[in-house]
Amino acid sequence: MAPPIRLTLPGTLRYRAIAVRAVAEAARLVSGSTQRDPNDALAHDVRDPFDTAVVSAFMEIFNNVAIHAYSRDGEASTIELTITPDADQIMIEIKDHGVPFDIDGVAPLPEELDEYTLPEGGMGIHIAKTMLDEVVYEPGPPNLWRLRKHLSAPAQQLRNGSSK
Amino acid sequence: MAPPIRLTLPGTLRYRAIAVRAVAEAARLVSGSTQRDPNDALAHDVRDPFDTAVVSAFMEIFNNVAIHAYSRDGEASTIELTITPDADQIMIEIKDHGVPFDIDGVAPLPEELDEYTLPEGGMGIHIAKTMLDEVVYEPGPPNLWRLRKHLSAPAQQLRNGSSK
Amino acid sequence: MTLPFDVSRNGNEATLVIRGSLDINTAPALGEEIDRLVVTRPTKVLVDLVGLDLIDSSGVAALVKLYKAVRAAGGQVTITGARDQPLAIFKLLRMDKVFNL
Amino acid sequence: MTLPFDVSRNGNEATLVIRGSLDINTAPALGEEIDRLVVTRPTKVLVDLVGLDLIDSSGVAALVKLYKAVRAAGGQVTITGARDQPLAIFKLLRMDKVFNL
Ligand SMILES: Nc1ncnc2c1ncn2[C@@H]1O[C@H](COP(=O)(O)OP(=O)(O)O)[C@@H](O)[C@H]1O
Ligand SMILES: Nc1ncnc2c1ncn2[C@@H]1O[C@H](COP(=O)(O)OP(=O)(O)O)[C@@H](O)[C@H]1O
């Protein structure tokens with residue numbers, strides 16, 4: 001088995017695109033999706049359901065670390081990523097040296113959505129948990145997120161839009 | 001100053017896109033180019049002359065490490081990248097644990113190009129040296145490449161196509 | 001930085017075209033644009049997402065804010081063209097029903 | 001994996017459209033395509049690079065090989081549409097003159 005990919009970068013939103021792109025390419029190694037659809041002039045980078053799930057979840061967790069664990073304006077230390085693309089799954093570990101929090105205290109989204117209850121926040125962890133097979137948070141320091149997504153049958157879940 | 005970005009990944013072509021994308025995003029932090037031109041349906045990722053130079057050079061050096069330092073099929077160890085995007089330049093260090101070589105022994109490209117002397121190889125190091133301000137190779141192990149590109153007036157050189 | 005959206009007006013109707021990535025780095029500027037738009041009390045707002053490649057929850061929040069503000073002022077919001085990752089996110093959040101996607 | 005090129009034939013003329021990234025990972029398959037094309041001795045080959053975003057020296061080598069092989073068999077090669085990073089690479093290698101870009 002190949003050694004994992006390690007990416008360490010400053011824990012601010014400025015560096016977000018670097019991490020997101022690296023994760024998108026790693027997801028592609030698992031899903032086998034090409035980088036671009038040559039017949040598609042729009043050349044979207046993230047279309048495959050597996051890639052979509054992994055990138056969507058990762059973006060939320062990265063945002064949260066940069067904003068909540070490290071304050072947006074305050075002193076930010078590094079974010080350490082360990083990305084393991086295997087034949088049938090991807091594992092992503094995200095380590096930060098910021099403020100820990102109680103993930104069980106996060107309020108769930110309202111059950112019934114209408115135009116008055118549409119949320120304007122508090123969606124990030126819900127997105128990550130719904131998109132992935134495993135989202136584990138271990139408060140530290142260092143705080144550790146462990147994200148895991150299997151390749152099998154991810155498309156169906158996404159297409160149904162179920163929030164298991 | 002922000003700490004550098006560190007990316008460690010297996011030294012094979014399979015992981016190339018991850019490194020190239022990370023470098024492209026880091027170059028963008030220096031050049032200030034947007035990720036996509038919103039008015040351009042083709043949404044090219046690498047258009048800015050600074051980004052072009054950095055990505056072009058990096059692709060060649062990464063290819064060489066994966067193919068020559070580590071043999072294409074043999075046992076490959078990791079490639080360790082240190083990327084430092086500053087206000088007016090980018091520095092990229094590339095470390096490998098493969099076979100060292102004598103960079104001064106690399107033959108230059110033919111002076112006069114016509115349809116018979118068009119090269120089918122041996123272009124990589126020439127591209128890297130021409131695109132960047134500094135390409136330093138220190139044989140090891142570990143072997144170290146140090147690439148540097150200043151932001152100032154890179155466009156002109158590229159547009160003229162001069163090979164300084 | 002060129003921002004990944006533009007707004008055009010035609011009387012009481014506004015069209016907002018959003019492209020590329022609507023995320024925590026680009027959503028704040030869209031939020032300001034939305035504030036400027038909403039005070040003009042448009043009766044119809046068309047949001048075109050055909051060119052939108054990626055969205056995160058900050059981007060969703062900006063769209064929800066737009067939706068609520070225009071509706072609260074008695075206007076209509078039509079969201080069209082969502083596809084790929086953005087569509088998957090709207091479905092996951094069950095906003096596709098409310099947004100009529 | 002969908003490859004970033006396709007070939008079409010019209011009698012003795014061939015058109016090769018290359019898109020996305022022509023690099024050390026995709027050039028080998030293009031090389032095989034070129035081998036298949038060259039044995040048919042086309043009199044004209046049009047290479048359309050409008051959709052080509054990125055090229056590396058392996059990609060350049062594949063195009064040079066095509067160029068030389070078609071010319072050696074008495075055919076013509078026209079390369080059109082090179083832009084951005086690929087164009088910068090051709091200029092740097094002074095191939096823009098030979099390729100008539
Ligand atoms: N990495 C983190 N470190 C500290 N606090 C966090 C972290 N992630 C989430 N939180 C807390 O959990 C809450 C819910 O997070 P989330 O579902 O992503 O929604 P949002 O970030 O929009 O509030 C946040 O408001 C924050 O208080
Ligand atoms: N990282 C490296 N490790 C070992 N040998 C190398 C390395 N990079 C280049 N070389 C040697 O230098 C030669 C010239 O490299 P380059 O200019 O990139 O052209 P090419 O790779 O197409 O031959 C290679 O053929 C190889 O012998």
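Here is the naming used below: chain letters follow the sequence lines, and residue numbers restart at 1 for every chain. Computed from a prediction, not measured in an experiment: that's the story for all the values here.
- Judged by distance alone, the side chain of R47(B) and the main-chain N or O of R83(D) form no donor-acceptor pair under 3.5 Å.
- Proximity to chain B (any heavy atom under 4.5 Å) is restricted, for K68(D), to the side chain, taken from C-beta onward.
- Distance check, rounded to the nearest 0.5 Å: CD1 of I89(D) to CD of E60(B) gives 6.5 Å.
- In this view, R9(D) and T40(D) satisfy the side chain to side chain donor-acceptor pair (under 3.5 Å) rule, not counting sequence neighbours.
- The distance from the CG atom of L54(D) to the OG1 atom of T52(B) is 8.0 Å, given to the nearest 0.5 Å.
- Within residues 93-109 of chain B, the residues approaching chain D closer than 4.5 Å by heavy atoms are, in numerical order, L109(B).
- Shortest non-hydrogen contact noted between M95(D) and P119(B) is CE-CD, 3.7 Å.
- In terms of heavy atoms, V98(D) sits closest to L118(B) at CG1-CD1, 4.0 Å.
- Summarising the geometry of Q85(D) relative to S56(B), their closest heavy-atom pair is NE2-OG, 2.8 Å, with the distance given to 0.1 Å.
- The shortest heavy-atom contact between Y67(D) and E115(B) is CE2-CB, 3.5 Å.
- Between the CD1 atom of I127(B) and the CG atom of L92(D) there is a distance of 6.5 Å, given to the nearest 0.5 Å.
- Between S58(D) atom OG and I67(B) atom CD1 the span is 5.5 Å, to the nearest 0.5 Å.
- No donor-acceptor distance shorter than 3.5 angstrom exists from the side chain of K97(D) to the backbone of L113(B), with no hydrogens or angles considered.
- Annotation: side chain to side chain donor-acceptor pair (under 3.5 Å) contacts of E32(D) (sequence neighbours excluded): none.
- Within the 4.5 angstrom heavy-atom criterion, no atom of L87(D) approaches chain B.
- Within the 4.5 angstrom heavy-atom criterion, only side-chain atoms of F99(D), from C-beta onward, approach chain B.
- The salt bridge (Lys or Arg N to Asp or Glu O under 4.0 Å) pairs that include a residue from residues 3-13 of chain B number zero, where partners must be two or more places apart or lie in different chains.
- H126(B) places a side-chain heavy atom less than 4.5 Å from the side chain of L93(D).
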